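Quantities reported herein were computed from a predicted structural model and do not represent experimental measurements. Values reported hereafter were calculated over all heavy atoms of this structure, with side chains retained and with hydrogens, waters and symmetry mates removed. Here is how names work: the chains are called A, B, and so on, in the same order as the sequence lines, proteins then strands, and each is numbered from 1.
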Number of protein chains: 2
Amino acid sequence: MKIALAQINTRTGDLSGNTEKILDTIARARTLGADLVILPELTITGYPPEDLVEKNLFVQKNMTALDRVVAETHDIGAVVGFISPNESGEGHPAFNSVALIENRKILGVQHKSLLPNYDVFDEMRHFEAAKERKIFTYRGKRIGLAICEDSWNDKDFWPHPLYHTDPIADLAEQSCDWIINISASPFSIDKNLLRLEMFKNTSKKYRIPSVLVNLVGGNDSLIFDGCSFALNAQGEMIAQCRAFEEDMVLVDDDSVKGPFSPWQLNEEEQILEALILGVRDYLKKCGFKKSIIGLSGGIDSALVAAITVQAIGKENVIAVAMPSRYSSQHSLEDAKKLAENLGIEYRVIPIEGMFQSYIESLAPQFKGLPMDTTEENIQARIRGNILMALSNKFNAIVLSTGNKSELAVGYCTIYGDMCGGLAVISDVPKTMVYKLAHWINREKEIIPQHSITKTPSAELRPNQSDQDTLPPYEILDGILKAYIEDLKEFDEIVALGYDAAVVKNILTLIDRNEYKRRQAAPGLRVTSKAFGFGRRLPIAQGWR
Amino acid sequence: MKIALAQINTRTGDLSGNTEKILDTIARARTLGADLVILPELTITGYPPEDLVEKNLFVQKNMTALDRVVAETHDIGAVVGFISPNESGEGHPAFNSVALIENRKILGVQHKSLLPNYDVFDEMRHFEAAKERKIFTYRGKRIGLAICEDSWNDKDFWPHPLYHTDPIADLAEQSCDWIINISASPFSIDKNLLRLEMFKNTSKKYRIPSVLVNLVGGNDSLIFDGCSFALNAQGEMIAQCRAFEEDMVLVDDDSVKGPFSPWQLNEEEQILEALILGVRDYLKKCGFKKSIIGLSGGIDSALVAAITVQAIGKENVIAVAMPSRYSSQHSLEDAKKLAENLGIEYRVIPIEGMFQSYIESLAPQFKGLPMDTTEENIQARIRGNILMALSNKFNAIVLSTGNKSELAVGYCTIYGDMCGGLAVISDVPKTMVYKLAHWINREKEIIPQHSITKTPSAELRPNQSDQDTLPPYEILDGILKAYIEDLKEFDEIVALGYDAAVVKNILTLIDRNEYKRRQAAPGLRVTSKAFGFGRRLPIAQGWR
């Protein structure tokens with residue numbers, strides 16, 4: 001039996017667009033001689049549909065779309081994800097389901113059993129869990145169907161299983177020839193290796209070949225990396241799809257090629273590819289062609305500009321430098337050089353006149369009071385206002401350029417440099433920003449060397465440096481990772497070797513700046529714990 | 001047995017503050033001769049703790065706090081909510097629990113069985129559901145303990161039960177003298193009547209008296225209204241706590257007084273009381289004393305100022321008028337009059353100079369292009385920048401003044417009038433804004449009559465009126481309620497009698513402006529479906 005692993009890029013909520021793509025994919029797989037084509041989770045609706053699931057009409061139209069896919073699936077089988085209504089009169093209104101289709105008929109439907117409801121996942125909000133798991137016979141093969149999380153509860157793999165059932169064990173007990181998992185498993189660094197290890201474990205344990213077809217593409221904050229694969233009963237890889245792009249690969253269980261050694265991108269490549277895809281898809285799926293980026297001459301905005309050029313083309317990027325009385329000559333030169341290196345449009349709009357008019361207008365209010373961060377924030381917000389004005393006038397999306405380290409400790413101005421429709425690197429710690437810049441420059445200088453080597457500064461007052469108020473970024477990022485990603489607390493972080501006073505200060509800053517992050521632009525997620533939808537903390541709170 | 005219903009105002013995450021308050025409350029109940037004092041859900045941690053539950057240290061310290069409460073509970077019993085760790089090695093890491101304490105001992109612990117995971121609730125994200133429900137005997141009485149949602153799945157009350165078990169039926173079957181429910185059930189209009197009807201239904205059906213003790217106070221977007229009560233076995237009210245404030249009421253089941261007729265506040269009173277409490281608590285729990293409000297002379301900012309004065313006192317409100325070339329003389333007079341009526345500090349900062357400097361700075365960019373919303377948004381963002389500058393300089397929180405109708409259709413400027421730490425009326429539709437203003441003015445003019453009667457306008461271009469681009473607010477609000485609160489779709493809304501083209505336009509605007517709302521300030525929730533945390537929709541999506 002020839003199985004086509006078809007990792008496609010769906011768009012959330014776009015039922016007709018997704019259906020067209022599904023039909024096209026099925027037709028291509030048929031042309032390639034596949035017996036069965038496997039598509040990713042919730043193929044018809046896109047993932048995550050979030051509260052669209054609460055709309056009856058949305059669920060109905062998704063069923064109509066499934067009918068259309070069924071009607072056009074002939075001379076091949078297809079495994080397609082969709083939402084099925086729960087008609088029992090009890091429980092949540094819908095199931096997250098997978099249909100096995102052949103010759104214009106649905107051979108079987110399996111609902112998802114394990115509904116992830118942590119981090120960025122909200123599936124218990126909408127879906128009812130499957131009560132039972134069945135095997136379906138397709139062209140003489142016994143097929144077990146699973147959906148994403150269903151494969152993530154093996155008791156030998158996880159020391160602390162989150163659920164009380166193991167759907168894969170259930171399927172294996174009923175004996176099957178293939179376990180097929182359709183997924184929408186979002187990217188974080190090396191997540192594809194984790195998936196592979198997990199599936200190797202079960203394929204070997206049960207001596208059953210398995211297929212994982214994962215979604216690819218960006219949907220708001222989430223980037224799906226694809227990296228679909230098939231394993232034989234020894235847990236060896238016999239088919240592998242590309243990362244971060246649509247792909248279709250055939251595996252023939254009668255004449256298996258391989259096993260293949262899995263390739264692996266390095267960290268820098270993974271993150272850059274993810275961000276490029278995330279930017280491209282966010283703009284495309286929101287209907288934007290052009291973007292606007294404020295260039296400070298620093299490394300963060302340079303990195304964002306370089307990523308965006310790769311995502312949407314240099315002709316679609318407008319770079320804007322907005323120097324103030326505190327901007328160094330270097331910064332303006334660095335920004336200009338970057339724009340030249342990237343070949344993007346470059347505009348300079350000095351903010352001195354506007355800044356001066358605020359200072360004058362506010363003078364009667366601020367009489368006798370010293371300058372402080374107020375005046376710094378005014379400058380950042382003038383820049384935000386200018387970028388948004390260009391955005392309004394030219395229908396181009398502003399991309400914000402703050403990194404995760406800044407956002408964590410609030411070293412950023414709400415309504416100022418935080419302005420934008422998408423925060424490209426808000427989940428990239430500053431130390432990784434440097435690594436990515438070096439990687440981009442590995443063959444020739446794209447990001448001006450001086451932007452990388454100079455002392456980081458917001459340039460909002462004379463002789464300012466990030467390290468005036470923050471510890472060196474190696475230390476800051478270490479503490480951030482321990483606290484945010486690894487959920488360690490003060491004592492545990494100090495035990496890692498960090499200075500207690502520094503740790504205390506940083507944790508307080510992180511907690512206190514939750515209010516800024518609540519109003520931040522959606523940010524592309526590349527670590528296991530990003531700010532935003534996957535990290536939900538109260539603002540008015542008394543912990544610590 | 002004398003039972004004290006003690007609805008207290010906890011602060012999320014403030015374990016030591018909450019513990020002090022619990023101990024104080026228990027001591028007061030003891031003084032009043034109570035046998036048993038009932039406190040609201042998650043008393044020790046506050047509600048909703050959100051991802052604080054994921055911190056081991058937080059759960060540990062909450063257990064230490066419980067130990068302290070247990071140690072000091074003598075000569076009285078107490079029913080206290082807390083988080084208990086799940087030590088089974090499987091499933092979610094914690095339970096949402098209630099302890100029955102007497103004489104320095106825990107008589108029993110009941111975990112919550114039904115975990116709400118819809119709208120603003122995320123409890124399946126953190127908690128494991130109880131597998132069983134027990135009866136505990138306290139001073140000769142058989143007590144059934146329930147937590148909030150546990151009482152919300154009666155098959156006779158709900159046509160479509162969301163869960164597969166009914167904890168109250170379970171407890172009733174085991175026979176008990178009292179069913180005691182501790183809740184954190186957030187306010188929406190007339191929600192207290194719904195709770196009462198539900199409890200009446202079960203008390204009558206099972207012939208068991210019941211107590212509901214509900215949380216009171218604001219925690220971020222959620223306002224808890226209290227309105228705790230006790231019912232006899234006939235479902236009649238025998239004790240009732242106040243709305244929107246802390247309260248303690250005793251009920252003696254050996255010499256019952258009553259039954260009482262439940263009082264009910266009208267809609268305007270409910271919403272105003274809720275918003276006043278919401279503003280007061282958000283500021284207090286965030287550590288702010290003062291607030292800044294931009295006054296346009298219009299009804300929205302006037303209403304917010306009036307509410308804020310009631311919440312935190314006139315001496316803590318700074319009103320700022322920021323007239324432009326497009327502001328009418330009336331508007332400035334109305335703003336001034338309002339400030340005088342309220343007795344608040346009033347400042348005027350004209351924005352003309354700043355606006356002019358933007359226009360000049362952007363002239364080379366915008367050469368040959370007509371004026372459009374760009375120039376309107378620049379003005380709104382100048383005002384945002386000024387308010388935030390005052391906020392920075394004087395450590396006062398900016399309260400944003402946009403209403404729900406505007407926010408729904410995007411008739412507001414992101415980073416402009418949307419600036420602020422709290423959006424006071426972002427869940428109040430414009431038609432309700434008018435009703436609230438009339439209610440506030442019922443005895444004397446507080447909000448200037450002209451602010452109420454004049455044609456609503458953003459005054460961002462000459463002779464602008466809201467109705468240039470929007471339908472009349474009665475129509476807009478009807479469509480909004482149908483779509484957002486009642487989850488109706490296009491055909492159903494048109495069937496209500498609205499013009500199809502208008503409905504289509506409005507629904508498109510609502511969907512398209514999700515990106516603005518994603519970056520909005522937290523808003524106080526007063527309807528059954530507010531924007532924000534309880535309504536989760538993708539931005540880059542293709543539905544409709």
Side-chain angles (χ1 to χ4, degrees), chain A residues 11-14 17 50-52 54-55 57-58 89-91 117-118 124-125 160-162 164 219-220 282 285-286 347 349 353-354 357-358 361-362 365-366 369 373-374 377-378 381 384-385 388-390 392-393 415 419 421 487 489 515 518-519 521-522 535-543, chain B residues 11-14 17 50-52 54-55 57-58 89-91 117-118 124-125 160-162 164 219-220 282 285-286 347 349 353-354 357-358 361-362 365-366 369 373-374 377-378 381 384-385 388-390 392-393 415 419 421 487 489 515 518-519 521-522 535-543:
Chain A
R11 178 178 177 222
T12 312
D14 185 4
E50 298 181 25
D51 288 358
L52 291 174
E54 294 179 6
K55 295 173 183 279
L57 187 65
F58 182 74
E90 201 177 88
N117 206 68
Y118 50 81
M124 288 180 181
R125 181 173 171 91
H160 182 120
L162 194 52
H164 306 288
N219 285 296
D220 285 2
Y282 192 78
K285 294 178 184 183
C286 282
R347 304 183 181 200
I349 307 177
M354 290 168 278
S357 73
Y358 278 93
S361 300
L362 288 166
Q365 314 291 328
F366 292 174
L369 296 171
T373 51
T374 305
N377 287 332
I378 288 172
R381 293 191 181 112
N385 201 340
M388 292 305 295
L390 295 169
N392 284 168
K393 199 63 104 186
Y415 320 129
C419 281
L487 288 176
E489 285 294 332
Y515 80 97
R518 192 69 67 90
Q519 296 186 47
R535 189 172 182 272
R536 305 177 189 173
L537 288 164
I539 296 176
Q541 55 116 327
W543 172 241
Chain B
R11 180 177 176 223
T12 312
D14 184 5
E50 299 182 24
D51 288 359
L52 292 173
E54 293 180 6
K55 296 174 182 279
L57 187 65
F58 183 73
E90 201 176 87
N117 207 68
Y118 51 82
M124 288 180 180
R125 182 173 170 91
H160 182 120
L162 194 53
H164 305 289
N219 287 295
D220 285 2
Y282 192 78
K285 293 177 185 184
C286 282
R347 303 183 181 200
I349 307 176
M354 290 167 278
S357 73
Y358 278 93
S361 300
L362 287 165
Q365 313 292 328
F366 292 174
L369 296 171
T373 51
T374 305
N377 287 332
I378 288 172
R381 292 191 181 111
N385 200 341
M388 292 305 295
L390 295 169
N392 284 169
K393 198 64 101 187
Y415 321 129
C419 281
L487 288 176
E489 285 294 334
Y515 79 98
R518 192 68 69 90
Q519 296 187 46
R535 189 173 182 274
R536 304 177 189 173
L537 288 163
I539 296 176
Q541 54 115 328
W543 173 240

Closest approach of B:Q519 to A:G421 (non-hydrogen atoms, all atoms of both residues):
NE2-CA, 4.5 Å
Residues at least two apart in sequence or cross-chain that pass ring-ring contact (aromatic ring centres under 6.0 Å, His included) with A:Y515, listed by chain then number, are none
Quick one: sort the B:Y415 and A:Y415 rings into parallel, tilted or perpendicular, breaks at 30° and 60°.
tilted
Under 4.5 Å to a heavy atom of chain B? For A:Q365 that would be both
CG on B:N219 to CD on A:Q541, rounded to 0.5 Å:
10.5 Å
Largest heavy-atom contact set with chain A, pairs under 4.5 Å, which of B:H164, B:K393, B:K55, B:R518
B:K393
CH2 of B:W543 to OG1 of A:T12, rounded to nearest 0.5 Å, is 13.5 Å
Could you give me the CA-CA distance, side-chain angles and deciding distance for B:R381 and A:R381, then say whether side chain to side chain contact (heavy atoms under 4.5 Å, CB included) is met?
CA-CA 8 Å; B:R381 292 191 181 111; A:R381 293 191 181 112; over 6 Å; no
Can you tell me which portion of A:I378 sits under 4.5 Å from chain B's heavy atoms? Options are side chain, backbone, both or neither.
both
Winner by heavy-atom pair count (cut-off under 4.5 Å) against chain B, out of A:N377, A:L487, A:L52
A:L52
Correct closest heavy-atom pair for B:N117 and A:M124 would be ND2-C, 3.3 Å
Interface check, chain B: of A:L362, A:L537, A:T374, A:D14, most non-hydrogen pairs under 4.5 Å belong to A:T374
Looking at A:S361 and B:I349, what are the two nearest heavy atoms and their distance?
O-CG2, 4.0 Å
Most contact-rich option vs chain B, by heavy-atom pairs under 4.5 angstrom, among A:K285, A:E50, A:R535, is A:E50
Taking every heavy atom of B:S357 against every heavy atom of A:S357, the minimum-distance pair comes out as OG-OG, 3.2 Å
Taking every heavy-atom pair that is under 4.5 Å apart, which of A:G384, A:P522, A:A521 has the most such pairs with chain B?
A:A521
Could you look at B:E489 and say if it's the side chain, the backbone, both or neither that has a heavy atom under 4.5 Å from chain A?
side chain
At a heavy-atom distance under 4.5 Å, which candidate from B:C419, B:G17, B:C286 has the highest pair count against chain A?
B:C419
Any idea which of B:Y358, B:F366, B:F58 has the most non-hydrogen atom pairs under 4.5 angstrom with chain A?
B:Y358
Distance check, rounded to the nearest 0.5 Å: B:Y118 atom OH versus A:E54 atom CD?
11.5 Å
Top residue by heavy-atom pair count (under 4.5 Å) with chain B, among A:H160, A:M388, A:R536?
A:R536
Check whether the side chains of A:N385 and B:N385 place a donor and an acceptor atom closer than 3.5 Å, and report yes or no.
no
